[in-house]
Amino acid sequence: MRLAVALAAKRFVHLRKASPSFSLRGVNFSGASYDYREKLSRNALLDLKLDDAVHLFGEMVQSRPLPSIIEFSKLLSAIAKMNKFDVVISLGEQMQDLGIAHNLFTYSILINCFCRRSHISLALALLGKMMKLGYEPDIVTLSSLLNGYCHSKRISEAVALVDQMVEMGYQPNTVTFTTLIHGLFLHNKASEAVALVDRMAVKGCQPNLVTYGAVVNGLCKRGDIDLALSLLKKMEKGKIEPNVVIYNTIIDSLCKYRHVDDALNGFCMHDRLEEAKQMFEFMVSKEFFPDVVTYSTLIKGFCKCKRVDEGMEIFQEMSRKGLVGSTITYNTLIQGLFQAGDCDMAQETFSQMDSLGVSPDRWTYNILLDGLCNNGRLEKAFVVFECLQKSEMELDILTYNIMIEGMCKAGKVEDGWDLFCCLSRKGVKPDVITYTTMISGFCRKGLKQEAHALLTKMKEDGPLPNSGTYNTLIRAHLRDGDKAAASELIREMRSCEFAGDASTIALVTNMLHDGRLDQSFLEMIS
DNA sequence: TTAGGGTTAG
């Protein structure tokens, strides 16, 4: 067989030692009566944990007579399904050392594991060794290799491999083509991927649900909704029923669609929320029931378009259907309500979670605290925050950032600073946002010296200041008319390869118009 | 006994 793969492999044993390693010594040997077969049954393998699997391997290699290679392949396959590829490789190596011969299946498993770990050259070496021993790779072995090429930066070799396979008389199947299609998307070759869907039918291989799933997802990720919708039509023609995930993916990208349309209402933002809703209604009409993700996606879409009332209606419809929202559903809705300024309904919705047994997570609390702070309810936020600190929930820097920002914006800079100073005691490291928020708070109160002292502290022992940090300080100086200090900071910012952000440029432009600044400033920052 | 895809919040 003429394959353009390296046949250079001499030995399997030199392939890198994998971790975690373990010793076979010390494993209790229970004798020939030990029945590993039971543990290799389909159901038992589904529940198998890694430690048990490794232990089982130890027992199998000591068992006499030795288990068949089929039994070893069942075990290796189960471990590969846990994504513990290094362990499979290590066990395969040990089998080799113990004189247990591999067969086509175990070789294929190992080749797949090397590919999944992006060790293509090792996969090729093993393929070479396998062929030397007289094992012809089958379509599965070669599809694994193809997957390896697709997931590394070798898409042209992946394409070439499929051509070679055909030349050599292999019949690529749905899995082969789907693997390549996915690889093409990974390498931003969407049109080639779509073209391949049509081509595979010509080659006598009908795309299946998985194929369409890969294509629809790839197209939606790139925002090619219309193409994705045309694929949905193709599925219909091919009598392939989309599943709920495919519908959800399309609904999500319809919800995310934003397009500035100056041809329609003058100059307006065009969205496709109505189409998302129609797709949802279409599902219902076909008695194809939307799930919690469908509802959450739609709720998010309406909230983002500032149509929280309709989001709420969808939520209520979901509840009427007997579906309980997930934490994600609630987080979405609560955030939407706060953004719409409906604090009472947001808090009521939060309480409802508790009564329905849906547990709030740290994001729920972050949304709650942020919403309360931004709606002028700092006191209430503080009560919740105090409770949280006493609770078992581990607070991360984001929660502290929200509270520090809430305090600073409410003019309570000293309280913000106290909290900032507490962080090290709580074992939480302030990040660049924490520092920038605090600097911004100092600036707002006219405490520029403090702001500068904090900038210095950052440079000494904190996270490096970023574009946001500099821009915050620059704007503060400009607002105070301190052009010299602003210029100095701009120079420093430029030396760090940052530039003025949108707010700074807008401020400078305004000040240019009313004559407070001259043109040179705009040139300096942009 | 070996290979492929995918959805929601922050």
Side-chain angles (χ1 to χ4, degrees), chain A residues 40 42 45 67-78 80-81 88 102-113 115-116 123 130 135 137-148 150-151 172-183 185-186 193 207-221 228 242-253 255-256 276 290-301 303-304 311 325-336 338-339 360-371 396 398-399 402:
Chain A
L40 291 172
R42 195 179 288 254
L45 283 175
S68 72
I69 190 68
I70 294 177
E71 277 147 343
F72 278 107
S73 65
K74 281 183 181 170
L75 182 62
L76 294 188
S77 163
K81 289 207 169 76
V88 177
H102 288 287
N103 70 357
L104 174 65
F105 294 103
T106 54
Y107 275 125
S108 292
I109 294 170
L110 289 163
I111 286 169
N112 186 39
C113 289
C115 285
R116 296 292 298 265
M130 176 187 118
Y135 290 106
D138 64 9
I139 192 71
V140 177
T141 324
L142 296 179
S143 296
S144 297
L145 190 61
L146 177 70
N147 195 36
C150 287
H151 280 89
N173 60 21
T174 329
V175 178
T176 323
F177 282 118
T178 305
T179 304
L180 185 57
I181 286 170
H182 185 234
F185 273 114
L186 285 178
N208 65 10
L209 184 64
V210 179
T211 318
Y212 281 112
V215 180
V216 168
N217 188 263
L219 290 172
C220 286
K221 262 193 193 150
N243 61 14
V244 70
V245 178
I246 290 181
Y247 279 120
N248 289 348
T249 305
I250 289 185
I251 289 175
D252 180 54
S253 66
C255 284
K256 285 186 174 144
D291 64 6
V292 157
V293 177
T294 324
Y295 284 101
S296 304
T297 304
L298 270 176
I299 291 169
K300 171 76 186 168
C303 288
K304 271 268 159 77
S326 63
T327 303
I328 292 178
T329 323
Y330 277 97
N331 289 354
T332 308
L333 189 59
I334 293 170
Q335 175 157 266
F338 272 124
Q339 278 165 353
D361 60 13
R362 69 177 69 192
W363 287 105
T364 319
Y365 285 106
N366 286 341
I367 289 166
L368 183 65
L369 293 175
D370 193 53
D396 57 20
L398 210 83
T399 313
I402 289 167

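Naming: A, B, ... by sequence-line order, numbering from 1 per chain. The shown structure was predicted, so the numbers you read here are calculated from the model rather than taken from an experiment.
- In this view, Tyr295(A) and Phe280(A) satisfy the ring-ring contact (aromatic ring centres under 6.0 Å, His included) rule, not counting sequence neighbours.
- Side-chain proximity of Lys256(A) to dA9(B), dG6(B), dT2(B): nearest is dA9(B).
- Closest to the Val245(A) side chain, of the nucleotides dT2(B), dT8(B), dG6(B), is dG6(B).
- Residue Tyr212(A) contributes atom OH, which lies 20 Å from atom C1' of dT7(B) at whole-angstrom precision.
- Put simply, CG on Asn248(A) is 19 Å from P on dG5(B), counting in whole angstrom units.
- Asn112(A) comes within 4.0 angstrom of the backbone, heavy atoms only, and of no base.
- Under the ring-ring contact (aromatic ring centres under 6.0 Å, His included) criterion, Tyr247(A) pairs with Phe288(A), sequence neighbours left out.
- Contact annotation: Lys74(A) does not reach the phosphate of dT2(B) (side-chain N/O to OP1 or OP2, under 4.0 Å).
- For Asn248(A), the side-chain contact (heavy atoms from CB on, under 4.5 Å) criterion is met by Val244(A), Asp291(A), Val293(A), Thr294(A), not counting sequence neighbours.
- A heavy atom closer than 4.0 Å to some atom of DNA chain B occurs in Thr174(A), Val175(A), Thr178(A), Thr179(A), these being the qualifying members of residues 174-181 of chain A.
- In this structure Tyr212(A) satisfies the ring-ring contact (aromatic ring centres under 6.0 Å, His included) test with no other residue, sequence neighbours excluded.
- Considering only residues two or more places apart in sequence or on other chains, Phe105(A) meets the ring-ring contact (aromatic ring centres under 6.0 Å, His included) condition with none of them.
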